[in-house]
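In what follows, a structure is listed as structure tokens, so that the remarks can point back to it.
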Amino acid sequence: MSIPAAVRKRRDELVELIEQARTQYYSHDKPTISDADYDKYFAELVDIEAKHPELVSADSPTQSVGGEATEEFGEFEHPTKMWSLDNVFDDSELDAWFARVGNHNFLCELKIDGLAINAVYRNGELETIATRGSGSVGENVTASLEYLTCIPRKLKAVKGTKFPELLEVRGEVYFSLAEFDQINLEVTATGRTAFANPRNAAAGTLRQRIDNRLEAVAEAKKRAEGKSADSKQAASLAKHVDELERAKSALSRLGLIVHGIGAHEGLEIPAQSHAYELLKSWGLPTSDRVKVVKSVKEVKEYIKHHGEHRHDIEHDIDGVVIKIDSLNEQQELGYTARAPRWAIAFKYPPTVVRTRLLDIGVQVGRTGRITPRAAVEPVLVAGSTVSFATLHNGYEVKRKGVLLGDMIFLRKAGDVIPEILGPVVELRDGSEREFKMPTKCPECGSKLATEKEDDKDLRCLNTRSCPAQLRGRLEHLGSRSVLDIEGLGEKAARALLEEKVISDEGDLFALTAEDLQRSDFFVKGANRELAENAKLLLNQLELAKTKPLWRFICALSMRHIGPPTAQALTREFNSLDEIAKAPAEQLARVEGIGQTIADSISQWFAEPWHLDIIKKWKDSGVVLQQAQVESGPMPLAGLTIVVTGTLNDFTRDGAAEEITSRGGKASGSVSKNTDFVVVGPGAGSKEAKAIELGRPILDEAGFKILLADGPDAAKAHLGLN
Ligand SMILES: [Zn+2]
């Protein structure tokens, strides 16, 4: 059967695209296609080759690891080959792998988004560091060794073990997410292309010729100290020193996690997990998230768990690596041309994609803050289509160095709003335009200003009647974590204000059926009968009037005041009037409130129209006082309780309310002073911390016992005391 011409053509296209991308990755460290596209092309090529094996040639990208060593660096021939891994992208592909390899003990570990290196130790002393390169030959980056604090120069001697004469340790150098963001800001601030991911940043950092930089500084110094030296030479020296310092600093911020062993003459190692233990005992950094499991089911649980928690980890991961633990069994399965048969990488959906920045608009928040919002060409990332990304403020647009029309890298991590990492400078064609922050509020036309001179945020100062701010405050007031008023969402807020049913939030609790009848949004039919949403809203408003004081404090939209601070205030004060009268010094002593917030609260109460809102609320029957719980029993007095994860019968705020109304303290972080940690599904680091510190952990049932019968009953439930 002959191969259709279209298939041949596509195959050639894919080979070219992949080769191009690989050159970009490994030689310039600035990819112009995203990881997702690369993986897609690669998978498509593998698919074509599987259907038409006669198309597979020795030079196909599927037959080599990719990333030839570049000329700039000395070459290093790895004593034993560094393999690449085959990828799978879903359960069915993973199942196919399991079917091929059969039953084993599997070692699961996180696939860190970093750069693979080979560290060669001779008799326990580090001799060479090289990148993977082609797998057989890598780049010798030993010159940077002095500044790489993450790699031990000498292994730690352990009684009873002897260092092999030759030992190859394989690992991943990487930047934590915090360092990655920092490095990217340093890069975009100088007008260069952002690193699309931590791996590129790590590669770019490790593959700097630090020896050349040292030389450049030495030469510049000689010139600057020479007889004919002038200010130009001094400036040149300063520039070279600055570059060197930056390179050194970046190198020192790299981390390392080891994930393999190459040559190890004279060592008897039965399993991969055993190798990790040995390397750890010698002082090499291993991951404490490695797990050996006995079944396919457990492997899948590991994949699922870390897929859900990938954004809680301090570094980026792009998947999970599964290895057969026994080294004998590994050898039996052996290798294909490019990858071991005994290991597979399960890739998670990518979090970084490339798309085009179409426009930047601005939004006005409920406190008047102006936020640029980027409109991007819609793109699928991490399971959802993204059309907008945040840019925080005008200063941020400058820092990220993006122009309208730029191709950009965009990252979406978990539920947070997608963010722009930076532009792909190489892809500009000159048609891109600079974004200018507006000088007037797009909603009310007021002149925009910063509040203080060194503020980065521009604001619309027309707090009282800017429609955007009014709408924002109403919506906030109705939200779940504030007064939780169903029926008061964005659309309702807009209708109430635009149809002049209310003039501001002060009128809200005096709303009547007749008022709502005036609005098209709240009526139905030709007779303008009150619609369901109107009845719901009126009902909810009535219920809200007696809600706890802290919720009303939040509802006032004072700056810096969220549920925890509002709750802290209600532990010290019994009514809104008391808070209004309290001097700033007294407010500043409340937990979580410093001088700045205290001053801002005092200023808020000094504004007459703010006091009008409170007066109108009171006139409408809103309580604005603590419920008289003091007379009731306080079974949780003196106890600090942390709630984490999702509970069935309580919202997070609801749980906190139950605790505080019984005299307890609801805290957000686990410490040795925490009395109980209530854990629901989805709990993350707080549960781990509780275990680490040995604090009592309650499930939801235990929490209910604690609320009903107090701490002793809860402890008995746990089998303590
Ligand atoms: Zn405005």
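From a predicted model like this one, the values you see are computed outputs, not experimental measurements. For the numbers below, each heavy atom of this structure counts, side chains included, while hydrogens, waters and symmetry mates do not.
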Seminar exercise, completed: Quick note, ring pair (Phe, Tyr, Trp, His ring centres under 6.0 Å) partners involving residues 656-700, not counting sequence neighbours, are none
When rounded to the nearest 0.5 angstrom, what distance separates [atom1] in [X] from [atom2] in [Y]?
| X | Y | atom1 | atom2 | answer |
| --- | --- | --- | --- | --- |
| E658 | F703 | CD | CZ | 6.5 Å |
| C444 | R464 | SG | CZ | 14.0 Å |
| H717 | L698 | NE2 | CG | 6.5 Å |

Salt-bridge present ([X], [Y]; N to O < 4.0 Å):
| X | Y | value |
| --- | --- | --- |
| D699 | K704 | no |
| K280 | E277 | no |
| K400 | E396 | yes |
| E301 | K291 | no |
| E499 | R494 | no |
| E298 | K294 | no |

For this session: Not counting sequence neighbours, which residues clear ring-ring contact (aromatic ring centres under 6.0 Å, His included) with Y302? List them please.
Result: H306
Exercise. Does anything in residues 575-584 pair up under side-chain hydrogen bond (donor to acceptor under 3.5 Å, both in side chains), and if so which pairs, sequence neighbours excluded?
Worked result: D577-K618
Exercise. Checking side chain to side chain donor-acceptor pair (under 3.5 Å) against S557, which of R473, H610, R366 comes through?
Worked result: R366
